[in-house]
Amino acid sequence: MIEPMLAAVVGALFGAVIGSFLNVCIVRLPAEQSVVSPPSRCPKCGKPVEWRDNIPVLSWLLLRGKCRGCREPISILYPIIELATALLWAGMAWHYGLSLDALRGALFGTLLLGIALTDAREYIIPNEFTYGGLAIGLILSAASGLDSVVAALIGAVVGFAILWLVGVAGRWAFKEEAMGGGDIKMMAMVGTFVGWQGVLLTIFLGALAGTAIFLPLTLIGRKKLVPFGVFLAIGAAVTYVIGPSIIEWYRRYLGVA
Ligand SMILES: [Zn+2]
């Protein structure tokens with residue numbers, strides 16, 4: 001019992017720091033700014049953020065959500081994203097121990113969180129998350145041997161191809177852009193982590209979640225643009241955690257295995 005707990009604590013500390021960096025990425029990547037320099041500043045008064053005010057979650061609480069310089073409020077989204085990332089990394093470390101599997105799950109979840117947030121806020125899925133995540137997925141698959149690399153590559157191709165085709169069909173049917181390029185690249189990235197069967201499940205779950213949440217909003221005319229990446233991210237996260245059991249069940253249902 002003590003070992004998973006220790007692993008979870010290490011995971012939480014790591015995740016909090018990663019979450020802090022994720023905040024920088026979410027704000028700067030859609031604006032095509034560097035995530036390395038300049039150092040973080042208060043967006044209102046321009047005061048550089050000191051190290052003691054840059055400790056994940058804690059600093060926000062100690063500052064009671066206000067900038068030390070101008071006392072303007074700092075969004076509660078920052079500590080929430082840091083906390084969510086810390087919990088994600090802690091959960092993976094708890095479940096898998098301090099291992100490559102834990103790192104893989106934690107990185108995938110972090111990428112999905114980043115994609116969901118930039119897509120929800122600005123309808124942008126940065127290439128750093130998609131191409132960068134694709135590279136991470138392929139590199140990590142290499143650790144499990146050639147078969148895994150092939151599976152990851154097939155997953156990427158299937159993910160890319162399906163959404164690309166949906167995009168082509170959508171343009172033909174509705175005479176407008178139905179699928180953003182970011183969604184297509186995103187599903188190539190997701191494919192390296194969940195494989196081609198996982199890609200199918202992700203799209204199914206994403207469409208389901210998107211319809212359930214967005215159809216009512218569209219019908220009452222509240223929302224026009226659908227940030228599909230948000231729902232694909234939800235679908236991919238669910239697929240990563242319980243996808244293998246669902247796919248196994250479905251194969252037995254079909255009598256394939
Ligand atoms: Zn300020």
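Given the structure is predicted, the values throughout are model-derived calculations rather than measurements. In listed order, ligands and their atoms are each counted from 1.
Shown here are the protein N/O/S atoms lying under 2.8 Å from the Zn ion (ligand 1), water excluded: Cys42 SG, Cys45 SG, Cys67 SG, Cys70 SG.
Scored by the side-chain hydrogen bond (donor to acceptor under 3.5 Å, both in side chains) test, Thr110 finds Trp89 as partners (sequence neighbours excluded).
Taken together through direct or relayed side-chain contacts under 4.5 Å among Ile, Leu, Val, Met, Phe, Trp and Tyr, Leu165 and Ile154 form part of one hydrophobic cluster.
From Met186, atom CE reaches atom CG of Leu112 across 5.5 Å, with rounding to the nearest 0.5 Å. The CD1 atom of Ile246 sits 12.5 Å away from atom CD of Gln197, with the distance rounded to the nearest 0.5 Å.
By the 6.0 Å contact criterion, CH2 on Trp60 is enclosed, its count of non-hydrogen atoms from other residues, nucleotides or ligands being greater than 12.
A heavy-atom distance below 4.5 Å is found between the side chains of Cys42 and Cys70.
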